[in-house]
Amino acid sequence: MDLSIIRRKVFNTLSVTLLVSCLLSFLYMIRSVETSVNDYKLAQGFILGLLLYGFYVGVVILIYAHLISVLIELLRNKFNLNSFTYIILHGLVGALTGGVVSKSALVALCIAGISILYALVDYWQMNQEDKSRSIKYILLVSFLPIVCSSIYFASISDPLPPFTAEDAIASAIDDHSITSEFPHKIGTVDSKEKGYHITRETRAKKIKRNTYSVRFIEKWSKDGEGESGEFRTFYEITRNSLTLHSISGEEPPYYNE
């Protein structure tokens, strides 16, 4: 088999995968915009969806291109099939394969559509005299919808709200049950537990843009016994990460009682 056929099939697999994945990701994001409350980072969501869909779509098309499409092209060359027959054969085999595997008429129609799109791209490139120029055209058609969709979703995304000290504190408290008794904002709270007088204090300080140091300080004493101590937990928190920086002092005895 001519190596150029394999190269063409692989290249067209990439181009059709990009087109189909772009369409699927675009439709998913449009539905997400309609149902979601927070429309942040839509362009990033679109690109992530493109990559996820691209993986599955690409595997299917790659297998199809190297098995079915190559076989159909060999039949075309042997029996001198016209362009219409070549393209329709791709669609029929795709629909049959999709129907047998999924038992779904909708899936069969979708795979038939993808197969016909693949055949159209493949047949067009097959009949171009200037192969390098045809590759440029196909790349343009493949990437232009992705670029336009990314720009569109970036333009309609809501700007992220500022990341505040309260957000940083809430992040630490939500992720760690031991800090759930501390104030959910900067300040102190007093309580009595198991004979101990306890003061819990929450501190937060901005280190740099969207980064805070959050400290939880717990002091306790036991009436009439002179028992007292202090326990400190220090976190460094950003919008997307939480790092335990240090722990110091003595763990309160009533934790284990």
Side-chain angles (χ1 to χ4, degrees), residues 24-25 28-56 149-257:
L24 293 175
S25 185
Y28 173 81
M29 290 304 300
I30 289 295
R31 180 167 180 79
S32 177
V33 169
E34 294 174 352
T35 58
S36 177
V37 176
N38 298 322
D39 295 330
Y40 305 130
K41 297 185 177 180
L42 296 179
Q44 290 91 325
F46 167 75
I47 295 298
L48 179 60
L50 177 75
L51 295 175
L52 292 175
Y53 283 118
F55 175 78
Y56 293 104
S149 297
S150 299
I151 293 173
Y152 169 72
F153 285 118
S155 68
I156 66 172
S157 294
D158 293 335
L160 283 172
F163 186 64
T164 65
E166 287 73 20
D167 294 327
I169 293 169
S171 177
I173 290 177
D174 288 345
D175 285 356
H176 297 269
S177 60
I178 199 171
T179 60
S180 61
E181 301 297 327
F182 283 80
H184 289 211
K185 58 183 180 180
I186 298 173
T188 61
V189 61
D190 294 324
S191 64
K192 278 190 172 293
E193 296 178 22
K194 300 176 181 178
Y196 292 89
H197 177 75
I198 305 166
T199 299
R200 294 186 174 98
E201 180 181 6
T202 300
R203 298 179 184 177
K205 179 181 179 182
K206 188 172 185 178
I207 302 174
K208 56 185 177 181
R209 185 173 180 268
N210 291 331
T211 304
Y212 291 85
S213 66
V214 177
R215 298 175 187 268
F216 297 102
I217 303 169
E218 188 165 357
K219 300 178 181 179
W220 71 91
S221 60
K222 195 166 188 180
D223 296 337
E225 297 186 13
E227 183 182 351
S228 64
E230 182 175 304
F231 188 59
R232 293 173 174 259
T233 310
F234 172 28
Y235 296 97
E236 188 170 301
I237 302 174
T238 68
R239 189 187 295 274
N240 299 312
S241 67
L242 182 150
T243 303
L244 177 60
H245 192 276
S246 66
I247 295 177
S248 61
E250 180 185 355
E251 184 175 286
Y254 42 84
Y255 281 4
N256 300 318
E257 290 183 2

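Because the structure is a prediction, the values reported are computed rather than measured.
- To the nearest 0.5 Å, atoms CE (M29) and CG (L24) are separated by 13.5 Å.
- Here the options are S221, P253, S228, the test is side-chain contact (heavy atoms from CB on, under 4.5 Å), and the partner is Y196; only P253 passes.
- Closest approach of E181 to V189, counting heavy atoms only: O-CG1, 4.1 Å.
- Side-chain atoms of S157 come within 3.5 Å of backbone atoms of L42 as a donor-acceptor pair (strictly under, hydrogens ignored).
- Relative ring orientation between F216 and Y235 is described as perpendicular, the plane-to-plane angle rising above 60° on a 0-90° scale split at 30° and 60°.
- Nearest approach of G45 to S25, heavy atoms of both residues: O-OG, 4.4 Å.
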>> With side-chain contact (heavy atoms from CB on, under 4.5 Å) as the criterion, how do I169 and F182 come out once you've worked through the C-alpha distance, each side chain's angles and the decisive distance to 0.1 Å?
In response: CA-CA 10 Å; I169 293 169; F182 283 80; over 6 Å; no
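- Atoms OG1 and NE2, on T202 and H184 in that order, are 8.0 Å from each other to the nearest 0.5 Å.
- Residues T199 and D190 bring a donor and an acceptor atom of their side chains to less than 3.5 Å of each other.
- The environment of NE2 in H197 is crowded: more than 12 heavy-atom neighbours from other residues, nucleotides or ligands sit within 6.0 Å.
- Environment of OH in Y28: sparse, with no more than 12 heavy atoms of neighbouring residues, nucleotides or ligands closer than 6.0 Å.
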>> Assess the residue pair K194 and W220 against the criterion (side-chain contact (heavy atoms from CB on, under 4.5 Å)); give the C-alpha distance rounded to whole Å, side-chain angles, the decisive distance to 0.1 Å, and a yes or no.
In response: CA-CA 11 Å; K194 300 176 181 178; W220 71 91; over 6 Å; no
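- Between the OG atom in S150 and the CD atom in Q44 there is a gap of 9.5 Å [rounded to 0.5 Å].
- Residue-environment remark: NZ (K208) stays at or below the threshold of 12 foreign heavy atoms within 6.0 Å.
- Within the 4.5 Å cutoff, the side chain of K41 has heavy atoms near those of the L160 side chain.
- Counting only heavy atoms from C-beta outward, the side chains of F153 and I30 approach each other to under 4.5 Å.
- In this structure, the separation between OG1 on T233 and CZ on R215 is 10.5 Å, given to the nearest 0.5 Å.
- Counting all heavy atoms, side chain and backbone alike, L242 lies closest to A172 at CD1-CA, 3.5 Å.
- In this structure, the separation between CD on E218 and CD on E230 is 10.0 Å, given to the nearest 0.5 Å.
- For E193, the salt bridge (Lys or Arg N to Asp or Glu O under 4.0 Å) partners two or more places apart in sequence, or in a different chain, are R200.
- From T188, atom OG1 reaches atom NZ of K219 across 9.5 Å, with rounding to the nearest 0.5 Å.
- Considering only heavy atoms from C-beta on, N210 stays 4.5 Å or farther from T238 through its side chain.
- The two atoms that bring P183 and I173 nearest to each other are O-CD1, 3.6 Å, heavy atoms only.
- In this structure, the side chain to side chain contact (heavy atoms under 4.5 Å, CB included) partners of I207, at least two apart in sequence or on a different chain, are T211, S213, E236.
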